[in-house]
S.K.: 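I have a structure here, written as structure tokens, and I will follow up with some questions on it.
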Amino acid sequence: MPWAKGMEMDGHKKQREQSARMIEAALFELMDEKAFEQITVSEIVKRADVARRTFYRLYKRKEDVIHCYFGRLCRDYGNTYPALDKYDVNQIASDYFEFWYQHREFLLLMDQSGLGEMVYYEISRVSEEIVKKRIGSEKVRNGQDVRFFAYYSVGGFILLLQHWIIDGMRETPEQYAQQVSRAILKYMR
């Protein structure tokens with residue numbers, strides 16, 4: 001019965017994902033209550049109501065919880081927006097800030113917890129792949145120069161995101177994207 005084996009795998013995968021979400025929620029709740037460095041794995045598993053071995057099956061350390069969460073967010077970002085026919089700063093800024101605004105509470109929590117640099121690292125880690133997906137032309141997307149363009153483009157947008165987070169993300173994504181686009185285009189012409 002090969003179909004039964006596949007169903008077991010799906011059940012295990014669902015259970016792993018559910019445990020991961022419970023651990024994430026527990027960690028983020030604890031981060032809202034105390035400093036990240038003071039949080040222990042014991043506290044996380046107790047709050048998540050999972051076994052310690054479940055935590056260590058999924059992660060090596062508490063930082064990996066955030067790393068995996070960011071990985072999922074960045075994959076979601078890369079899969080949410082279609083390729084563009086041309087590099088359109090207005091559209092990219094609008095999409096980028098709209099997406100991250102949906103995760104505002106998490107980003108503000110990261111900043112409040114003194115983990116703002118982790119935001120920069122996690123987004124930059126997947127930047128090349130995301131930029132390649134957004135570039136519409138297959139020829140351009142596979143060129144060697146795309147790596148440098150990705151670093152240049154994403155580096156600027158990450159710093160803009162960091163400053164928006166530091167300022168409390170008070171502007172709407174539309175307002176911030178317009179300000180950013182206007183400023184960038186002013187100096188690129």
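Each residue takes its place number in the sequence, starting with 1.
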S.K.: Between Leu107 and Leu161, is a side chain to side chain contact (heavy atoms under 4.5 Å, CB included) present by the stated rule, with each step listed?
M.R.: CA-CA 10 Å; Leu107 295 173; Leu161 178 62; 4.3 Å; yes

S.K.: Return yes when atom NZ of Lys34 has more than 12 non-hydrogen atoms of other residues, nucleotides or ligands closer than 6.0 Å, and no otherwise.
M.R.: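 Yes, NZ of Lys34 has more than 12 neighbouring heavy atoms, counting only those of other groups under 6.0 Å.
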
S.K.: Quick one: closest heavy-atom pair of Val45 and Arg52, and the distance?
M.R.: CG1-CA, 4.0 Å

S.K.: About how many Å separate CG of Leu27 and CD of Glu43, when rounded to the nearest 0.5 Å?
M.R.: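 So the gap between those two atoms works out to 10.5 Å.
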
S.K.: Within a radius of less than 6.0 Å around CD of Glu29, do more than 12 heavy atoms belonging to other residues, nucleotides or ligands occur?
M.R.: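 Enclosed.
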
S.K.: Are there over 12 heavy-atom neighbours, none belonging to Tyr56, within less than 6.0 Å of that residue's OH?
M.R.: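 For Tyr56, atom OH is crowded (more than 12 foreign heavy atoms under 6.0 Å).
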
S.K.: State, to 0.1 Å, how close Phe36 and Glu63 come at their nearest heavy-atom pair, and which atoms those are.
M.R.: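 Smallest interatomic distance, heavy atoms only, reads CE2-OE2, 3.6 Å.
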
S.K.: To check you understand the geometry: which heavy-atom pair defines the closest contact between Arg170 and Trp164, and what is its length?
M.R.: N-NE1, 4.2 Å

S.K.: Tell me whether the rings of Tyr81 and Phe99 are parallel (<30°), tilted (30 to 60°) or perpendicular (>60°).
M.R.: perpendicular

S.K.: Taking the six-membered ring for Trp, are the ring centroids of Phe97 and Tyr101 within less than 6.0 Å of each other?
M.R.: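 Not under 6.0 Å, so no.
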
S.K.: Can you tell me if Glu174 has over 12 outside heavy atoms packed within less than 6.0 Å of its CD?
M.R.: yes

S.K.: Tell me whether Gln38 at atom CD has more than 12 heavy atoms from other residues, nucleotides or ligands lying less than 6.0 Å away.
M.R.: yes

S.K.: Would you call the rings of Trp100 and Tyr96 parallel, tilted or perpendicular, taking 30° and 60° as the class edges?
M.R.: perpendicular

S.K.: Run the side chain to side chain contact (heavy atoms under 4.5 Å, CB included) test on Phe157 and Ile92 for me, step by step, so that the C-alpha distance in whole Å, both residues' side-chain angles and the decisive distance to 0.1 Å come before the verdict.
M.R.: CA-CA 10 Å; Phe157 274 100; Ile92 290 169; 4.0 Å; yes

S.K.: Measure across Tyr120 and Ile158 and return the closest heavy-atom pair with its distance rounded to 0.1 Å.
M.R.: CD1-CG2, 2.8 Å

S.K.: Enumerate the residue pairs fulfilling side chain to side chain donor-acceptor pair (under 3.5 Å) with a member in residues 18-28, sequence neighbours excluded, ordered by first and then second residue.
M.R.: Glu24-Arg72

S.K.: Determine the sole option in Phe106, Tyr121, Tyr77 for which the ring-ring contact (aromatic ring centres under 6.0 Å, His included) test with Phe70 is passed.
M.R.: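 Only one option passes, and that is Phe106.
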
S.K.: Salt bridge check: are Arg125 and Glu122 linked by an N-O gap of less than 4.0 Å?
M.R.: yes

S.K.: Glu33: which residues meet the side-chain hydrogen bond (donor to acceptor under 3.5 Å, both in side chains) condition with it, sequence neighbours left out?
M.R.: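 Testing Glu33 for side-chain hydrogen bond (donor to acceptor under 3.5 Å, both in side chains), a comparison that skips the adjacent residues, returns Arg47.
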
